[in-house]
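Below is one structure; the comments refer to it alone.
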Amino acid sequence: DSLYAHGRTTEGSIVTNVKYPNSMHNWGVAFDVCRADGKPPYDDSDNFFTKVGLLGESLGLEWGGRWKSIVDKPHFQTTEYGTLTELKAKYGTPENFFKAIAGDTVMKLGTVRYGTRSDDVKVLQRLLGLKVDGIFGADTQNAVTKFQSSNGLSADGIVGRLTWTKLLEKELELISNG
């Protein structure tokens, strides 16, 4: 809503033409890119966005550069969860969608503890803001027990369903609050 107000009821240039929750960005399944190579952020004189668009498509993303009505070369989104209409029909709000996805994610993540080496440990380390190496060592253990203790969980250093759920809830709070 604040981005939509930009250039309309608040100072600055118009940033978006879409109100909440009518953008795939609101649902956390879209993102935009810009240049960070010393050229202006949206300079496409060398077909930068077409090159990036082809790369995104090769990864299975939908690229806004292919759209007919409003070409949006910096835009990418996944259609893994359906269209905007389908998301709204199934979940109602982005917040409900986030909760459902978090629940699905928790069901896929395994229990990890000191000594575990896995991709799940990498996810854990990212969520805790640690160096990501996939090895549940002393630093990861200390961060887990500190997190558990400060969030009303049993500080046993084992990451099971309750700890995963709380970690993902905290992450969703950060995402929701911008």
Residue pairs meeting ring-ring contact (aromatic ring centres under 6.0 Å, His included), one or both in residues 77-96, sequence neighbours left out, come to Tyr81-Phe97, Tyr91-Phe97
Is the side chain of [X] donor-acceptor paired with the backbone N or O of [Y] at a distance under 3.5 Å, no angle test?
| X | Y | answer |
| --- | --- | --- |
| Glu86 | Thr83 | yes |
| Asp43 | Lys39 | no |
| Asn142 | Ala138 | yes |
| His75 | Ala30 | no |
| Thr10 | Ala5 | yes |
| Asp46 | Phe48 | yes |

Quick one: pull up [atom1] in [X] and [atom2] in [Y] and give me the separation to the nearest 0.5 Å.
| X | Y | atom1 | atom2 | value |
| --- | --- | --- | --- | --- |
| Thr79 | Leu61 | OG1 | CG | 8.5 Å |
| Thr78 | Leu59 | OG1 | CG | 11.0 Å |
| Leu127 | Trp164 | CG | CH2 | 6.5 Å |
| Glu169 | Thr165 | CD | OG1 | 6.5 Å |
| Thr16 | Asp32 | OG1 | CG | 9.0 Å |
| Tyr20 | Asn26 | OH | CG | 6.5 Å |

Answer yes or no: is there a side-chain heavy-atom contact under 4.5 Å between [X] and [Y]?
| X | Y | value |
| --- | --- | --- |
| Gln141 | Phe136 | yes |
| Val112 | Val144 | no |
| Leu128 | Phe147 | yes |
| Tyr4 | Val18 | no |
| Thr93 | Phe98 | no |

Are [Y] and [X] co-members of a hydrophobic cluster defined by side-chain heavy atoms under 4.5 Å apart?
| X | Y | answer |
| --- | --- | --- |
| Leu3 | Phe31 | no |
| Leu130 | Leu167 | yes |
| Leu168 | Val121 | yes |

Specify the closest pair of heavy atoms between [X] and [Y], including all atoms of both residues, with the distance to one decimal.
| X | Y | value |
| --- | --- | --- |
| Val33 | Tyr42 | O-CE2, 3.6 Å |
| Thr145 | Ala155 | O-CB, 3.8 Å |
| Leu153 | Lys166 | CD1-CB, 3.9 Å |

key: Qualifying side chain to side chain donor-acceptor pair (under 3.5 Å) pairs with a residue from residues 108-120, counting only residues at least two apart or across chains   =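 For residues 108-120, and leaving out neighbouring residues, there are no side chain to side chain donor-acceptor pair (under 3.5 Å) pairs at all.
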Does anything in residues 128-153 form a salt bridge (Lys or Arg N to Asp or Glu O under 4.0 Å)? List the pairs, not counting sequence neighbours.
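Found none.
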Does a donor on one side chain sit under 3.5 Å from an acceptor on the other, for [X] and [Y]?
| X | Y | value |
| --- | --- | --- |
| Asn96 | Lys90 | no |
| Thr140 | Gln125 | yes |
| Gln148 | Thr163 | yes |
| Trp63 | Gln77 | no |

All side-chain hydrogen bond (donor to acceptor under 3.5 Å, both in side chains) counterparts of Asp44, not counting sequence neighbours: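 Counting only residues at least two positions away or on another chain, Asp44 forms a side-chain hydrogen bond (donor to acceptor under 3.5 Å, both in side chains) with Lys73.
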Taken in chain and number order and not counting sequence neighbours, the residues that satisfy salt bridge (Lys or Arg N to Asp or Glu O under 4.0 Å) with Asp1 are none
**OP:** Using the side chain to side chain contact (heavy atoms under 4.5 Å, CB included) rule, take Glu80 and Val29 through it: C-alpha gap first, then chi angles, then the decisive distance, then the call.
**Re:** CA-CA 9 Å; Glu80 177 182 356; Val29 295; over 6 Å; no
Original post:
By side-chain contact (heavy atoms from CB on, under 4.5 Å), which residues pair with Leu54, not counting sequence neighbours?
Top reply: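 Checked Leu54 against side-chain contact (heavy atoms from CB on, under 4.5 Å); matches are Thr50, Glu57, Arg66.
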Full working for side chain to side chain contact (heavy atoms under 4.5 Å, CB included) between Arg161 and Leu109: CA-CA 8 Å; Arg161 192 163 291 165; Leu109 294 166; over 6 Å; no
